[in-house]
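Following: one structure in structure tokens, then a few remarks.
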Amino acid sequence: MATAAEAAAEIVREIAAVGAADLAAAAEPLRADCLRLSRKVSLLSHLVAEVAEAGAGEGDGKVAAWLGELVRALQAARRFIDLGRTPARPSEASDQDAICNNVAIQFKFVTWQLQAVLASLPQNCFQISDEVQEEVDLVRAQLRREMEKKGDLDVNTFSKIHDILAHHVDSVGSQPKQSHGQPETPHMENLCNGHLELQNIVMLVSEISGVPKSDAERITSKLIEGLENMRVTDSTKPVNIVSQSSDETKDSPETHKKSDSIAIPEDFRCPISLELMRDPVIVSTGQTYERAFIQRWIDCGNRTCPKTQQKLQNLTLTPNYVLRSLILQWCEEKGIEPPTRSKNDGSYVEVGGERVAIETLVRNLSSSSLDERKSAAAEIRSLAKKSTDNRILLAESGAIPALVKLLSSKDLKTQEHAVTSLLNLSIYDQNKELIVVAGAIVPIIQVLRKGGMEARENAAAAIFSLSLIDDNKITIGSTPGAIEALVELLQSGSPRGRKDAATALFNLCIYQANKVRAVRAGILAPLIQMLQDSSRNGAIDEALTILSVLVSHHECKTAIAKAHAIPFLIDLLRSSQARNKENAAAILLALCKRDAENLACIGRLGAQIPLTELSKTGTDRAKRKATSLLEHLSKLQVL
């Protein structure tokens, strides 16, 4: 089980790194659908982390089966994204239509498979937090929306293909080969048009499922037989994926009635959940969403409008009273019960006693008793972790300024509770601005420098969370000692502290001026050390990710070469994982562009052999980078 969980986490990390890797001057950027898919999968990083940490028993068949399905779904997503780096170049319009249709089929299957495995998450077997469950629900809603955009699909067909492929993968190598004299599949010329279409679907799905093309006809035969049997016993027509896979729909007979018997106007549906809106709100792009779903989208760190992909200029959610009135009028005309606001969905919350209790806790933060201050901070830390409603109420009750004052407490545990409370409060985006306005940056940096190790870890995580706002990248980067404290934690902190510091530094270094600050603060020494650290899972990947951002700045590029990073990058070309080889090649190419000295250096260090191997066996991006480097080396030798 642990192996499958680790494999899932590794795939999620690889897919999440795709967007960052494309920032490093990818010659052929991903298709839009692949980039959207990578963003959705990246939101599952917290889920796979909690699954790995839960440590459910290896002998639990239900857990093992679910993890196997998760890994297969993620592997299919990764293959689909990899195929998105090598777009075909058709010569005719009809070819273009066929390619688009094929891509749409593969995308439908990948999104259907991911959505299905998330829907069957065995929550009782894992200690999944409320926040992570919200992220999972959000990803599922987004996947359903993507499938809707691609048109209707036959769930029965996809389900049957999935079952046959899963059985094939499990049994490959264990079955004797068929006799050549008794072929078990029909010849292509004997298939009718409908079966030819099925053959095409199986070929496309097999490609992203890692099944050899040679097995496609045998799988098609089983599929046709299974579907014919299904037609005999069940004459139902293809159904919409939403009505089949949504837990919310299954659990609500009223929702079934709405979706099956009454067509809901498109403008009345939330673009995220595809359900009738109960509390519509308008975002800065002018689009309207259900408050609960757009709030979850924002809380997960997204800064774009889900429907238009435009950047949100602000995070204000304005109630759409006109649309809500139209929805209520429509419900009355159709004779169905109008949707009501839920107290737990992020809309207007009437909490009564909860608000009084929270206000009491906030007052205790300023108590003359150290024990009361510590206890209140610990309770707020817990409340702020649990839900968006709590984060809103705590901020409205004045918790943020009081917590900022406690960052200067001489009691280390109180300090730890305060900084962790601010970290948890910052998950709600509107609180990020309040935290910065309250003057939290400088005291958080002080905790980062002198607090206990857990407090330092959470201080680094808080800096990362706050830096998700672009203006805060500038504010934090220009704060004296901020980047230096992160570099110190990166070099000498605990494993978790180093990871939190690396994440914060990467995000800050997206801003150009912070790249130079990081290099001058000494970031290259720990990064070079991390390139050699094969004992800590992810250390090499983290170092390469930060270097790929730094190398785009001329001063940093020079510093990287002077720090003798090139030999270690070449070593990674020889012995590292595929993703690390790819990133190492990309960084080497950036170092050698318009720099004959660096190019000559990699030539002297024998980079030609691993680059030649990488140009033949690496990922598509790695092949391009390696080939480009070899061309530069060849020109240098000619000169």
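Note that these values count all heavy atoms, side chains included, but never hydrogens, waters or copies made by symmetry.
- At least one side-chain heavy atom of L143 sits under 4.5 Å from a side-chain heavy atom of K40.
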Verify side-chain contact (heavy atoms from CB on, under 4.5 Å) between L611 and I570, making sure each step is shown before the conclusion.
CA-CA 9 Å; L611 284 172; I570 293 175; over 6 Å; no
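- With sequence neighbours excluded, the residues that form a side-chain hydrogen bond (donor to acceptor under 3.5 Å, both in side chains) with Q310 are T308.
- Looking only at distances, no side-chain donor or acceptor of W297 sits under 3.5 Å from a matching main-chain atom of R303.
- Listed by chain and number, the residues in a salt bridge (charged side-chain N to carboxylate O under 4.0 Å, His left out) with K473 are D470 (sequence neighbours excluded).
- Scanning for salt bridge (charged side-chain N to carboxylate O under 4.0 Å, His left out) contacts around E613 gives an empty result, with sequence neighbours left out.
- Residues T304 and L312 form no side-chain contact, since every pair of their non-hydrogen atoms from C-beta on lies 4.5 Å or further apart.
- The salt bridge (charged side-chain N to carboxylate O under 4.0 Å, His left out) test applied to K432 returns D429, not counting sequence neighbours.
- The list of salt bridge (charged side-chain N to carboxylate O under 4.0 Å, His left out) pairs with a residue in residues 558-571, not counting sequence neighbours, reads D571-R574.
- Residues Y289 and C305 have side chains in contact (heavy-atom distance under 4.5 Å, counting atoms from C-beta outward).
- Side-chain contact between L490 and L486 is absent, with no heavy atoms from C-beta onward closer than 4.5 Å.
- Counting heavy atoms from C-beta outward, L524 and L550 have side chains that approach closer than 4.5 Å.
- Under the 4.5 Å side-chain criterion, counting only non-hydrogen atoms from C-beta, V48 is in contact with L70.
- A pairwise comparison of heavy atoms in L630 and Q608 identifies CD2-O, 4.0 Å as the closest pair.
- Salt bridge D500/R496: present, at least one basic N to carboxylate O contact under 4.0 Å.
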For S494 and E457: C-alpha separation, side-chain torsions, deciding distance, then whether side-chain hydrogen bond (donor to acceptor under 3.5 Å, both in side chains) applies.
CA-CA 8 Å; S494 64; E457 294 167 355; 2.4 Å; yes
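- Side-chain contact between V519 and I560 is absent, with no heavy-atom pair separated by less than 4.5 Å.
- A donor-acceptor pair under 3.5 Å is formed between the side chain of Q532 and the backbone N or O of I528.
- Other residues, nucleotides and ligands contribute at most 12 non-hydrogen atoms within 6.0 Å of the CD1 atom of I609.
- Here the CG-CG distance, from L527 to L531, works out to 7.0 Å after rounding to the nearest 0.5 Å.
- Minimum heavy-atom separation, L569 to A584: O-CB, 3.8 Å.
- Heavy atoms only, all atoms of each residue included: K623 and K616 are closest at CE-O, 3.4 Å.
- Taken from NZ in K515 to SG in C556, the straight-line distance is 7.5 Å, to the nearest 0.5 Å.
- Although no hydrogens or angles enter the test, the distance criterion places no donor-acceptor pair under 3.5 Å between the side chain of Y511 and the main chain of G477.
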For L118 and L47: C-alpha separation, side-chain torsions, deciding distance, then whether side-chain contact (heavy atoms from CB on, under 4.5 Å) applies.
CA-CA 10 Å; L118 292 177; L47 171 66; 3.9 Å; yes
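- Of all heavy-atom pairs spanning I15 and S38, the tightest one is CG2-CA, 3.6 Å.
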V12 and S42: CA distance, side-chain angles, deciding distance, side-chain contact (heavy atoms from CB on, under 4.5 Å) verdict:
CA-CA 6 Å; V12 170; S42 69; 5.7 Å; no
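- Closest approach of A460 to A501, counting heavy atoms only: CB-N, 4.1 Å.
- S478 contributes a side-chain N or O that, together with a main-chain N or O of T475, makes up a donor-acceptor pair within less than 3.5 Å.
- With salt bridges taken as basic N to acidic carboxylate O contacts below 4.0 Å, one links R520 and E555.
- Within the model, atoms OG1 of T111 and CZ of R140 stand 13.0 Å from one another, a figure rounded to the nearest 0.5 Å.
- There is no side-chain donor-acceptor pair under 3.5 Å between N472 and S467.
- Atom CG of L547 is separated from atom CD1 of I587 by 5.0 Å, given to the nearest 0.5 angstrom.
- With contacts defined as side-chain heavy-atom distances shorter than 4.5 Å, the pair V139/L114 does not qualify.
- A donor-acceptor pair under 3.5 Å is formed between the side chain of S492 and the backbone N or O of E488.
- Of the inter-residue distances, the one linking N583 atom CG with T619 atom OG1 reads 8.5 Å to the nearest 0.5 angstrom.
- The CE atom of M530 sits 9.0 Å away from atom OG1 of T545, with the distance rounded to the nearest 0.5 Å.
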E582 vs K625, test: salt bridge (charged side-chain N to carboxylate O under 4.0 Å, His left out). Steps then yes/no.
CA-CA 8 Å; E582 175 185 314; K625 302 297 183 182; over 6 Å; no
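- Judged by distance alone, the side chain of S634 and the main-chain N or O of E631 form no donor-acceptor pair under 3.5 Å.
- At distances below 3.5 Å, not a single donor-acceptor pair connects side-chain atoms of S552 with backbone N or O atoms of S548.
- When all heavy atoms of A521 and E484 are compared, the closest pair comes out as CB-CG, 3.9 Å.
- The salt bridge (charged side-chain N to carboxylate O under 4.0 Å, His left out) test applied to R78 returns E14, not counting sequence neighbours.
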